[in-house]
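Read through the structure below, which is laid out as structure tokens, and then see the notes.
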Protein chains: 2
Amino acid sequence: MESDKDQRRSNVTLKQVAERAGVHASTVSRALNAATRSMVAEDVVARVEKAAAQMGYRRDPVAASLRTGRSKLVGVLVPDIVNPVFGPILSGVSELFASQGYSVIVADVGNDENRQLELVQGLIAHRVDGLILATVSRDDPLVDYCLSRKLPAVLVNRAEMRARLPAVISDDALGMQLAVDHLVELGHRTIGHLAGPSRHSTGYLRRRGFQLAILSHGIELQDAPCQDTLAYTREEGAAATHRLLDASPNLTAIASANDLLALGAYDALRERGLSCPADISIIGHNDMPMLDLVSPALTTVRISHKQMGRQAGQLLQAAIENNDSPPHNVVLPSQLVVRASTASPRA
Amino acid sequence: MESDKDQRRSNVTLKQVAERAGVHASTVSRALNAATRSMVAEDVVARVEKAAAQMGYRRDPVAASLRTGRSKLVGVLVPDIVNPVFGPILSGVSELFASQGYSVIVADVGNDENRQLELVQGLIAHRVDGLILATVSRDDPLVDYCLSRKLPAVLVNRAEMRARLPAVISDDALGMQLAVDHLVELGHRTIGHLAGPSRHSTGYLRRRGFQLAILSHGIELQDAPCQDTLAYTREEGAAATHRLLDASPNLTAIASANDLLALGAYDALRERGLSCPADISIIGHNDMPMLDLVSPALTTVRISHKQMGRQAGQLLQAAIENNDSPPHNVVLPSQLVVRASTASPRA
DNA sequence: CTTGTCTCTGCAATCGATTGCAGAAATAAT
DNA sequence: ATTATTTCTGCAATCGATTGCAGAGACAAG
């Protein structure tokens with residue numbers, strides 16, 4: 001009965017170390033904690049450290065957490081862990097936190113969006129020190145919740161419109177500008193846009209970025225039709241592409257808000273017997289893995305998601321460890337990756 | 001100072017509910033816990049539940065964990081979260097556990113393999129109730145560690161050779177048999193194999209499965225050369241393919257242990273000016289996302305990784321909640337997905 | 001009416017670390 | 001030599017829930 005529990009943990013407690021070192025448990029606690037070590041005489045620290053090392057003492061974070069309220073746990077909320085952009089983000093986040101002694105709880109929202117709050121409450125119950133949210137919409141009640149709880153949180157990939165919490169995002173306007181510049185340079189004059197869901201900052205900002213970029217080239221917005229989608233999926237991309245082509249038959253290029261939408265556009269073109277890039281040039285956004293192998297290899301705008309995750313981790317750590325630093329966004333530059341899906345329009 | 005902590009948690013404690021309901025905290029604890037509810041009179045249970053609901057009481061899992069040793073946390077160790085097979089696995093695992101009130105801590109081993117033990121110790125320190133290991137080699141010290149700690153654990157994707165812990169894997173032999181059957185049926189008689197790292201069960205078993213399948217068709221093993229790789233990457237796949245083709249110039253097909261290796265084979269063929277499937281047929285393994293879009297679309301053996309994750313979750317939950325049930329493996333059937341990378345060899 | 005059996009509920013210890021407070025010892029200042 | 005100050009260490013409470021034990025009351029059996 002008891003043996004189970006005994007074996008599961010290293011079961012060396014502060015008190016045992018204290019006994020061995022001939023001091024009180026509170027002294028051991030102070031000696032082993034960097035912040036309070038200075039309160040203890042040097043020789044005692046040495047004695048305690050030796051005893052702790054000999055006995056293989058490991059501090060119990062659960063007990064510490066109960067007392068202090070801090071846990072060395074951070075929560076990450078992702079909308080869909082299967083989506084390939086979140087792998088690198090999680091990788092960046094967990095790489096950073098692992099090196100700082102934090103563990104990362106991942107909550108995958110999956111299909112039940114309205115369970116988000118519940119998931120967050122679960123994380124809070126586990127006393128996470130902070131949260132990374134990759135799920136927020138442009139004005140998200142979850143942010144209200146975090147703010148009201150004074151829970152440190154950082155947004156990643158998607159941001160709110162008003163900067164209530166720090167966010168790490170890519171430069172959506174720049175990305176679309178790069179995409180449109182490229183297409184215009186190739187000679188395209190009628191360019192469509194597959195817009196992401198407008199409730200997400202990525203969808204909204206890329207759409208605006210697209211239109212600004214179009215205008216910057218002196219093209220009329222009526223020659224730059226947009227089609228909204230409800231989700232970043234191939235199916236949505238295909239459907240929206242069909243609508244786009246139906247409405248604007250003389251379109252020669254599509255700048256997409258997302259790679260999956262762009263791949264959906266491939267599907268739609270195939271269904272219509274059109275070829276890319278001969279008939280229509282297509283450009284994606286994100287540069288998720290393996291795009292160099294699809295046919296045609298997809299020209300896209302590269303975002304370093306791993307870097308994004310790392311940055312978000314850093315910001316969150318800063319927010320956890322000192323309450324100052326006003327919420328400020330980090331905007332990472334994006335970069336055009338030209339492959340085979342874009343070409344000059346037929347003469 | 002204090003206000004921070006106060007706001008972060010719902011801060012309603014058992015004692016407060018007890019006061020409101022006019023009973024002792026221990027009674028509240030019993031009334032709110034399904035297993036002990038029967039010890040409390042019905043009317044009292046009702047009163048307690050009402051008070052708890054009114055006050056928005058939420059049990060503090062950290063405090064409970066300290067006392068009971070159980071945490072409603074499970075840990076998942078993945079070798080590389082960026083690898084697209086682990087997204088679905090994690091998704092399956094977390095879907096299952098979310099519905100059971102567990103939270104999932106994900107530890108990404110990433111590049112520092114020798115920190116595995118450290119990561120696991122961290123998870124244990126957080127008192128995870130169990131572990132899902134997607135990282136194990138064919139004979140892994142981590143398994144010893146879990147066994148010695150009596151920590152419930154389930155292997156997924158990769159298994160050990162001796163069944164010390166329950167494992168959920170795909171039927172590697174069947175998968176290779178399907179692949180070889182398909183190639184033989186197309187007329188191939190000299191078939192190479194890109195083998196995965198032999199320290200992983202997948203690499204080892206698929207290689208054996210390949211050879212068994214070859215023999216089952218009466219083909220000599222000398223007409224079925226294998227090349228080992230050190231990791232499931234495109235680079236390794238390309239390098240091994242070059243070695244394979246150098247050694248066996250009359251090869252007409254390659255059955256690969258993994259999709260990434262197969263994509264590496266694409267790279268190698270391109271470098272040599274060979275075409276797939278005209279010159280060489282290639283077949284992958286796993287059916288990771290987006291293989292239908294690569295060129296040529298990759299024929300592969302499909303494994304349902306999400307299903308694998310779910311199963312592993314179920315097994316782990318069972319292992320956590322009752323210590324019986326001998327370690328038994330669950331072998332999921334795999335399935336051939338024919339696309340464009342396989343064809344009959346040139347006459 | 002007494003004794004025994006159940007059914008509930010409360011008491012208090014416990015999980016393991018942290019920390020405010022106070023006392024002891026050592027050192028400095030007067 | 002006395003007082004003031006600093007430095008160190010121990011005491012004990014605390015975080016919030018769980019649980020073995022025992023006592024109170026209800027009720028049945030003798």
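Just so we're on the same page: letters track the sequence lines, and every chain starts at 1.
- Rounding to the nearest 0.5 angstrom, the gap separating the CD1 atom in A:Ile105 from the CG atom in A:Leu119 is 11.0 Å.
- With rounding to whole Å, B:Met55 atom CE is found 13 Å from D:dG16 atom P.
- Remark on DNA chain C: of its neighbouring residues B:Val44 and A:Thr27, the 5'-side contact belongs to B:Val44, judged by nearest-heavy-atom nucleotide.
- Between the CD atom of B:Glu19 and the P atom of C:dT9 there is a distance of 18 Å, given to the nearest Å.
- The interatomic distance linking B:Leu14 (CG) with D:dT14 (C1') rounds to 16 Å, in whole Å.
- Put simply, the side chain of A:Arg127 and the base of D:dG16 share no donor and acceptor less than 3.5 Å apart.
- Phosphate contact (OP1/OP2 of C:dG10, side-chain N/O of B:Ser26, threshold under 4.0 Å): absent.
- The listed nucleotides are D:dC15, C:dC15, D:dA17; the one nearest the side chain of A:Leu66 is D:dC15.
- The residue A:Val28 sits apart from the nucleic acid: no heavy atom pair falls under 4.0 Å.
- Contact check on A:Lys15 versus A:Glu19 returns no salt bridge, with no Lys/Arg side-chain nitrogen under 4.0 Å from an Asp/Glu carboxylate oxygen.
- From B:Leu123, atom CG reaches atom CD of B:Glu118 across 11.5 Å, with rounding to the nearest 0.5 Å.
- Spacing between atom CG of B:Asn33 and atom C1' of D:dA17 amounts to 10 Å, rounded to whole angstrom units.
- The pair A:Glu49-A:Arg37 counts as a salt bridge, with a side-chain nitrogen and a carboxylate oxygen less than 4.0 angstrom apart.
- At the heavy-atom level, B:Thr13 lies under 4.0 Å from the strands shown only through sugar-phosphate atoms.
- Note: CD (A:Glu42) to C1' (D:dT7) measures 13 Å, nearest angstrom.
- In this entry the distance linking NE2 of B:His24 with P of D:dA24 reads 16 Å, nearest Å.
- Using a 4.0 Å cut-off, some side-chain N or O of B:Arg59 falls inside it from OP1 or OP2 of D:dT18.
- Rounded to an integer number of Å, the gap from CG of A:Asn11 to P of C:dC15 is 12 Å.
- When distances are taken from the side chain of B:Arg67 to each of C:dG10, C:dA13, D:dC11, the shortest belongs to C:dA13.
- Here C:dG16 is the nucleotide among C:dA13, C:dG16, D:dT9 with the atom lying nearest to any side-chain atom of A:Ala63.
- When each of D:dA12, D:dA17, D:dC21 is scored by its nearest atom to the side-chain atoms of B:Arg30, the top-ranked nucleotide is D:dC21.
- For D:dA17, the OP1/OP2 oxygens have no side-chain nitrogen or oxygen of B:Ser29 closer than 4.0 Å.
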**OP:** List the steps and the verdict of salt bridge (charged side-chain N to carboxylate O under 4.0 Å, His left out) for A:Arg158 and A:Asp140.
**Re:** CA-CA 11 Å; A:Arg158 303 173 182 169; A:Asp140 201 302; over 6 Å; no
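- Using a 4.0 Å heavy-atom cutoff across all strands shown, B:Val62 reaches no nucleic acid atom at all.
- The NZ atom of B:Lys15 sits 7 Å away from the P atom of D:dC15 (whole-angstrom rounding).
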